[in-house]
Amino acid sequence: MENGITKKQSAILQGIAIWMMVYHHLYSFAVEYNSIFPFIQAEEAARIAWFCKLCVGIFAFVSGYGLYYVLEKQPGERFFGRMAAAYRCMLMRILKLYGKLWLVMFLYMGILFGILRLPFDASQLPGNLTALNPTYNGAWWYVEQYAKMLLVLPFLDLLLTRFDQPAERKRRRTFYLILALAGAGVVVAGRLCWPALWNLVLAVKNGLRLSFLMIFAVGYLMARFALYQRADKALRRVGGWLPVCVSAALVCLVIVLRVLLATDAAYAKFDFLLVPAFVYGLLTLLAYVPPLGTFLAWWGHQSTYIWLVHGFLYGWLYYFIKPHVRLDIWIYLSVLLTSAVVSLLLRALGNLPGRCLRLARKRGSGL
C-alpha cells in the first residue's frame, strides 16, 4: 500500500467482491439447506451471507478510488470547462456499463421470449433498459446506483479542485453558494409549506442510497488525500511487521463488527467506515501471497459480467445440483464457474465489433 491501490489491486478487490456477491445472493435467505461445510448450518450460513453484502461497498469504494485518478487527467484551467470534461467522462463510463447491461438483457430476452416462447410483457422493458425497475434480474439495481454516483462525483471533485486563476475560484464559490442556497430553499419550502416538494426531497434522498454513495465518496477522498500511503508510511516507520499485524487485526475486527451489526441481508449502515479498513487489511496481507492475488485479479476482470448474469444461473443450478450433492459448496462453485464461462463469452462478443472495425481499417490501409 506504499503507492496506494494499483490497477491490479483494484482487480483483486473486485475478485473478492464477486465471490462475496455470489455467496450473498445464494445463501442470504437459505431455508432449505444441507451445509456449505459440515460445521456450518443454515443460520450461520445466512449470517455469513449478510456479511458478504459488504461486496457492494467494495465495488463502490474501488470505483470512487479509481475515478479520482481519472478526473485528475481532465483539464483543470477553467471551472466550467473542467465540469464539462468531467461529465463527458462520466457519461461515457455510464454508457459503457449500460452497453454491457443491454447486451446481457437482449440475449436473456432472446432465450426466454424467443427460444423458450415465454410470454413477453412490454411494460417491463423500460424499467429493465434503464435499470430503474430491473424485473429480469434484481441484481441490476446497482447499474442505476453506479450511474447516480458518477453523476454526483464531479460536484465533489470540483469542490476540492484547486484553481490557480482568481476568476475561476470566484466562479466555483458562486456556483456552490447558489447550489447550497437553492438546496436549502427547496428543503425549507418543502418542509414548511409544500408537502409534495418535501416528498420529492425524501424520494431523491432515498433514491441516492446514501449508505453506498458515502462509501463511493470515501474511496474518492482516500485517493485524493493519499490516506493509505500516509497510513502505511507511518506504520512502517514504527516497525516492518506492524502493517501486517495491524492488517490482520483490521480484517478480523471488521468481520466481527459487521456480523454483529448486521440486522438484515441488506444492512450497510456503517460500511463507509468498515470498507476502507477491510480493504487496507486485505491488500496488505495479500501482498505476501502473490499467486492468490493473481487468481483473485482474474476473477476481478470477469466481475462485471458475472454480476450481470449470475442471477439467471443460480436458481436453476441450485435445483439441478442440490439433489445430487451433500454439501452446498458445490452449488456455490458451480454458479461461480458457470458465470465465469459466460462472462468470457460475453467479453469476446462485446469486443467483436471493435476487432472487426480494426480489421476493416487494416484492410483499408493496405489497399
Side-chain angles (χ1 to χ4, degrees), residues 13-30 45-46 48-63 93-94 96-112 121 124-150 206-209 211-213 215-216 262 264-268 271 275 299-319 328 331-347 350:
L13 291 171
Q14 290 170 326
I16 294 169
I18 203 62
W19 277 65
M20 294 172 72
M21 178 180 288
V22 173
Y23 187 92
H24 171 74
H25 287 152
L26 270 173
Y27 300 114
S28 285
F29 305 101
I48 295 170
W50 290 10
F51 165 77
C52 287
K53 179 69 174 182
L54 203 65
C55 65
V56 182
I58 294 173
F59 280 123
F61 181 86
V62 169
S63 297
R93 287 178 171 270
I94 291 170
K96 185 176 180 181
L97 179 57
Y98 268 97
K100 293 178 179 180
L101 169 67
W102 294 333
L103 173 62
V104 171
M105 192 184 83
F106 285 122
L107 289 174
Y108 165 81
M109 292 173 64
I111 293 171
L112 235 63
D121 184 358
Q124 295 184 6
L125 187 59
N128 285 284
L129 278 171
T130 59
L132 294 174
N133 184 25
T135 56
Y136 296 159
N137 187 339
W140 291 351
W141 70 267
Y142 188 72
V143 176
E144 174 208 353
Q145 179 66 24
Y146 180 80
K148 289 174 181 175
M149 293 188 302
L150 263 61
N206 294 331
L208 286 174
R209 295 187 182 94
S211 55
F212 300 117
L213 181 60
I215 302 170
F216 178 77
D264 55 52
Y267 177 87
D271 285 358
V275 169
W299 284 92
H301 293 308
Q302 321 308 321
S303 62
T304 300
Y305 278 123
I306 292 177
W307 154 46
L308 292 173
V309 304
H310 77 279
F312 300 132
L313 302 174
Y314 66 71
W316 68 267
L317 278 173
Y318 184 86
Y319 290 106
D328 286 341
I331 298 170
Y332 172 59
L333 293 177
S334 297
V335 172
L336 275 168
L337 291 172
T338 307
S339 300
V341 171
V342 174
S343 172
L344 290 171
L345 294 173
L346 288 170
R347 286 183 68 187

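FYI, the numbering just counts along the sequence from 1.
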### Distance flag, aromatic centroids of Tyr136 and Trp102, threshold under 6.0 Å
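No, too far apart.
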What is the distance from atom [atom1] of [X] to atom [atom2] of [Y], rounded to the nearest 0.5 Å?
X      : Y      : atom1 : atom2 : result
Glu144 : Arg209 : CD    : CZ    : 5.0 Å
Met105 : Leu103 : CE    : CG    : 10.5 Å
Lys53  : Met21  : NZ    : CE    : 8.0 Å
Leu125 : Asn133 : CG    : CG    : 11.5 Å
Phe59  : Met20  : CZ    : CE    : 9.5 Å

### Task
Would you please name every residue forming a side chain to side chain contact (heavy atoms under 4.5 Å, CB included) with Thr130, sequence neighbours left out?
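If we apply the side chain to side chain contact (heavy atoms under 4.5 Å, CB included) test to Thr130, skipping adjacent residues, the hits are Leu132.
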### Message
Could you walk me through whether Asn128 and Tyr108 satisfy the side-chain contact (heavy atoms from CB on, under 4.5 Å) test, starting with their C-alpha distance in whole Å, then the side-chain angles of each, then the deciding distance to 0.1 Å, before giving a yes or no?
### Response
CA-CA 12 Å; Asn128 285 284; Tyr108 165 81; over 6 Å; no
Using a 3.5 Å distance criterion without hydrogens, assess whether the side chain of [X] forms a donor-acceptor pair with backbone atoms of [Y].
X      : Y      : result
Ser343 : Ser339 : no
Asn137 : Leu308 : yes
Trp299 : Gln14  : no

### Query
Checking side-chain contact (heavy atoms from CB on, under 4.5 Å) for the pair Tyr98/Leu101: CA distance, chi angles, key distance, verdict?
CA-CA 5 Å; Tyr98 268 97; Leu101 169 67; 3.8 Å; yes
So, for [X] and [Y], which heavy atoms are closest and what is the spacing to 0.1 Å?
X      : Y      : answer
Phe216 : Ala60  : CD1-O, 3.4 Å
Ala265 : His24  : O-CE1, 3.1 Å
Val143 : Ala131 : CB-CB, 3.8 Å

### Query
Where does the angle between the aromatic ring planes of Tyr142 and Trp307 fall among parallel (under 30°), tilted (30 to 60°) and perpendicular (over 60°)?
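Plane angle over 60°, so perpendicular.
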### Query
Is the Tyr23 ring parallel, tilted or perpendicular to the Tyr27 ring (thresholds 30°, 60°)?
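Tilted: the ring planes of Tyr23 and Tyr27 meet at 30° to 60°.
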### Contact check, side chains of Tyr305 and Arg347, non-hydrogen atoms, under 4.5 Å
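Yes, side chains in contact.
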### Task
Before giving the answer on side-chain contact (heavy atoms from CB on, under 4.5 Å), spell out for Leu346 and Leu107 the whole-Å C-alpha distance, their side-chain angles and the decisive distance to 0.1 Å.
CA-CA 10 Å; Leu346 288 170; Leu107 289 174; 3.3 Å; yes
### Task
Assess whether side-chain contact (heavy atoms from CB on, under 4.5 Å) is satisfied between Lys148 and Leu213, documenting all intermediate values.
CA-CA 9 Å; Lys148 289 174 181 175; Leu213 181 60; over 6 Å; no
